[in-house]
Amino acid sequence: MTETSDTRSAAGEPREAPRSRLQRLMRYIPLIAPVLLWAVPCWVLLYTGQRWPLPVTLTGTALSVLGLAGMPLAMVRGHGRRQLDRAAIVGDTLLGCVWVLFTWSVLLGVLLRLALTVGGVGDGQDRARIVTWAVLGVAAVLLAWGYAEARRVPRVRRLDVELPRLGAGLDGTRVVLITDTHYGPLDRARWSARVCETVNTLEADLVCHTGDIADGTAERRRAQAAPLGTVQATRARVYVTGNHEYYSEAQGWVDLMDELGWEPLRNRHLLLERGGDTLVVAGVDDVTAESSGLAGHRAHLSGALQGADPDHPVLLLAHQPKFIDRAAAHGIDLQLSGHTHGGQIWPFHYLVRLDQPAVAGLSGHGARTLLYTSRGTGFWGPPFRVFAPSEITLLVLRSPRRSG
């Protein structure tokens with residue numbers, strides 16, 4: 001056999017491709033990010049010309065240092081091996097608070113100070129103190145509003161989606177999408193029941209859950225997930241795994257959803273038939289499944305479509321939007337995904353966009369493939385949603401051949 005690879009050494013061993021400067025930098029982000037998140041607001045609010053009394057400066061600095069030390073510790077204890085819910089709540093809440101404080105310290109620290117300078121408002125100390133109070137005020141309002149948004153029952157987002165290959169008999173098929181419920185340290189059993197009650201008012205033919213049910217094992221979060229068993233659909237309730245299932249015994253979640261009456265579409269499909277027309281409803285495991293080490297868990301689209309008539313339109317459930325490249329290559333008609341949370345806390349969606357092809361809403365890919373990305377039904381980690389509201393989605397499938 002002729003060796004054609006140019007990535008082997010003279011001894012025949014594979015030679016590791018050199019890492020880019022960006023890849024090397026990414027390794028240090030978990031260490032750098034907490035320091036920046038706490039140091040920047042501390043500097044902007046206390047040390048940029050305000051000349052606060054010494055006790056104020058010392059108290060503010062001490063709180064920043066405590067936050068910098070306490071937040072990572074609480075998150076490790078909350079999300080690491082110990083899985084301490086109280087620690088997770090503290091760490092997650094601190095993360096959300098400091099992210100908002102950091103964002104608006106940067107924005108108002110520059111823009112408002114510039115505007116005040118151009119407008120000739122006060123002297124340097126006056127402007128610095130105005131910026132401080134403005135940042136604290138904006139952060140407090142956004143955090144209070146964001147908390148209420150995160151804990152509320154999501155609004156229903158309704159849209160019609162025309163699929164060129166959908167038969168007239170299936171026109172008007174009602175598909176409800178919930179995703180990223182993330183039952184976790186904050187007990188949301190009552191919230192879960194109210195979400196399911198809302199879903200049941202939508203008279204769905206098909207209800208889909210595209211993963212990230214919870215943070216924690218099925219045994220630990222069973223009470224919060226139990227209301228999912230009350231969801232009603234005239235045809236089917238279907239579910240696929242998300243990446244968070246693979247952090248907490250994914251097979252347990254597959255088994256629980258099956259017990260609650262949902263069909264886990266693990267690289268398989270079912271048929272939805274009406275009026276002489278057929279829709280293939282397929283699902284795949286999350287793209288992180290194969291690296292989980294669980295036997296039989298992987299994202300296998302060809303397996304999911306095996307035996308399906310290629311002339312029938314396909315609705316695919318895949319947790320992460322970035323699966324759309326494979327979906328488009330297979331000519332899928334519509335992929336439903338979650339994962340992104342719409343960014344959850346602005347402006348985090350800009351970072352999400354670096355990893356995913358879509359953050360929220362309906363988008364087109366390839367010759368005929370549509371992708372709908374939900375902003376999610378719950379929240380992960382920080383109990384806040386800022387400029388990224390949660391949603392329960394009602395998609396009404398439309399056929400171009402429907403009657404007037």
Side-chain angles (χ1 to χ4, degrees), residues 30 33-34 37-38 66-101 142-154 178-196 209-229 241-253 256-257 260 286 288 292 319 338-345 348 352 375-386 388-391:
L37 285 175
W38 290 96
L66 286 173
L68 175 58
M71 183 187 76
L73 178 61
M75 295 193 72
V76 168
R77 291 173 65 86
H79 297 289
R81 286 186 178 182
R82 299 194 176 207
Q83 298 279 304
L84 301 177
D85 282 351
R86 289 184 180 179
I89 292 170
V90 171
D92 293 342
T93 302
L94 285 174
L95 176 60
C97 290
V98 77
W99 173 257
V100 171
L101 199 59
L142 289 178
L143 288 170
W145 173 61
Y147 181 80
E149 279 290 304
R151 298 303 301 268
R152 64 166 294 152
V153 174
I178 58 175
T179 184
D180 299 277
T181 41
H182 283 287
Y183 304 124
L186 283 169
D187 188 352
R188 285 179 286 153
R190 291 180 60 189
W191 174 88
S192 179
R194 292 172 63 201
V195 167
C196 295
H209 194 307
T210 53
D212 279 8
I213 298 175
D215 296 298
T217 64
E219 180 181 359
R220 191 171 188 182
R221 306 302 183 201
R222 173 183 283 268
Q224 295 183 59
L228 292 173
T241 57
N243 58 306
H244 278 251
E245 276 84 330
Y246 292 99
Y247 305 150
S248 50
E249 300 176 12
Q251 189 59 49
W253 281 109
L256 178 59
M257 290 298 277
L260 293 174
D286 184 61
T288 61
S292 71
H319 177 65
H339 185 67
T340 68
H341 301 200
Q344 188 165 317
I345 304 177
F348 198 78
V352 175
R375 291 187 298 254
T377 309
F379 61 86
W380 174 86
F384 307 105
R385 275 187 171 270
V386 178
S390 55
E391 65 179 80

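We use all heavy atoms of the structure for the numbers below, so side chains are in, but hydrogens, waters and symmetry mates are not. Everything numeric here is computed off the predicted structure, so don't read it as measured data.
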For a quick test of reading the model, state the closest non-hydrogen atom pair linking [X] to [Y] and the distance between them.
{"X": "Gly342", "Y": "Ala388", "value": "O-CB, 3.5 Å"}
{"X": "Ala218", "Y": "Gly252", "value": "CB-O, 3.6 Å"}
{"X": "Met257", "Y": "Leu228", "value": "SD-CD1, 3.9 Å"}
{"X": "Trp380", "Y": "Met75", "value": "CH2-CE, 4.4 Å"}
{"X": "Leu37", "Y": "Val98", "value": "O-CG2, 3.1 Å"}
{"X": "Trp38", "Y": "Leu68", "value": "CD1-CA, 3.7 Å"}

May I ask you to check whether over 12 heavy atoms, not counting those of [X], lie within 6.0 Å of atom [atom1]?
{"X": "Arg152", "atom1": "CZ", "value": "yes"}
{"X": "Glu249", "atom1": "CD", "value": "no"}
{"X": "Arg220", "atom1": "CZ", "value": "yes"}

Quiz item: Using a distance-only test with no angle check, is there a side-chain donor-acceptor pair under 3.5 angstrom linking Thr377 and His182?
Solution: no
Quiz item: Is it true that the side chains of His79 and Asp92 contain a donor and an acceptor less than 3.5 Å apart?
Solution: yes
Test item: [X] side-chain N/O and [Y] main-chain N/O as donor-acceptor pair under 3.5 Å:
{"X": "Ser192", "Y": "Ala225", "value": "no"}
{"X": "Trp253", "Y": "Thr241", "value": "no"}
{"X": "Thr340", "Y": "Gly343", "value": "no"}

Quiz prompt | Derivation and outcome, side-chain contact (heavy atoms from CB on, under 4.5 Å), residues Tyr247 and Ser292 | solution = CA-CA 8 Å; Tyr247 305 150; Ser292 71; over 6 Å; no
Can you tell me how far the [atom1] atom of [X] sits from the [atom2] atom of [Y], to the nearest 0.5 Å?
{"X": "Ile89", "Y": "Leu94", "atom1": "CD1", "atom2": "CG", "value": "12.0 Å"}
{"X": "Glu245", "Y": "Thr288", "atom1": "CD", "atom2": "OG1", "value": "9.0 Å"}
{"X": "Trp99", "Y": "Gln344", "atom1": "CH2", "atom2": "CD", "value": "12.0 Å"}
{"X": "Arg385", "Y": "Arg375", "atom1": "CZ", "atom2": "CZ", "value": "8.0 Å"}
{"X": "Tyr246", "Y": "Gln251", "atom1": "OH", "atom2": "CD", "value": "8.0 Å"}
{"X": "Ile213", "Y": "Ile178", "atom1": "CD1", "atom2": "CD1", "value": "9.0 Å"}

So do the side chains of [X] and [Y] get within less than 4.5 Å of each other, counting heavy atoms only?
{"X": "Val195", "Y": "Pro227", "value": "no"}
{"X": "Phe348", "Y": "Pro382", "value": "no"}
{"X": "Met71", "Y": "Leu95", "value": "yes"}
{"X": "Pro383", "Y": "Thr93", "value": "yes"}

Quiz item: Passes side-chain contact (heavy atoms from CB on, under 4.5 Å), Gln224 versus Asp187? Steps please.
Solution: CA-CA 7 Å; Gln224 295 183 59; Asp187 188 352; 3.5 Å; yes
Quiz item: Given the rule in the side-chain contact (heavy atoms from CB on, under 4.5 Å) test, do Asp212 and Thr181 qualify, once you have shown the distances and angles that lead to the verdict?
Solution: CA-CA 6 Å; Asp212 279 8; Thr181 41; over 6 Å; no
Quiz prompt | Cationic tip of Arg188 above Phe379 ring, under 6.0 Å, 45° of axis | solution = yes
Quiz prompt | Audit row: Ser248, Asp215, side-chain contact (heavy atoms from CB on, under 4.5 Å) steps and yes/no | solution = CA-CA 7 Å; Ser248 50; Asp215 296 298; over 6 Å; no
Self-check item: Residue pair Arg77, Asp85: steps toward the salt bridge (charged side-chain N to carboxylate O under 4.0 Å, His left out) verdict
Solution: CA-CA 9 Å; Arg77 291 173 65 86; Asp85 282 351; over 6 Å; no
Quiz item: Can you tell which of Asn243, Thr210, Asp180 makes a side chain to side chain donor-acceptor pair (under 3.5 Å) with His339?
Solution: Asn243
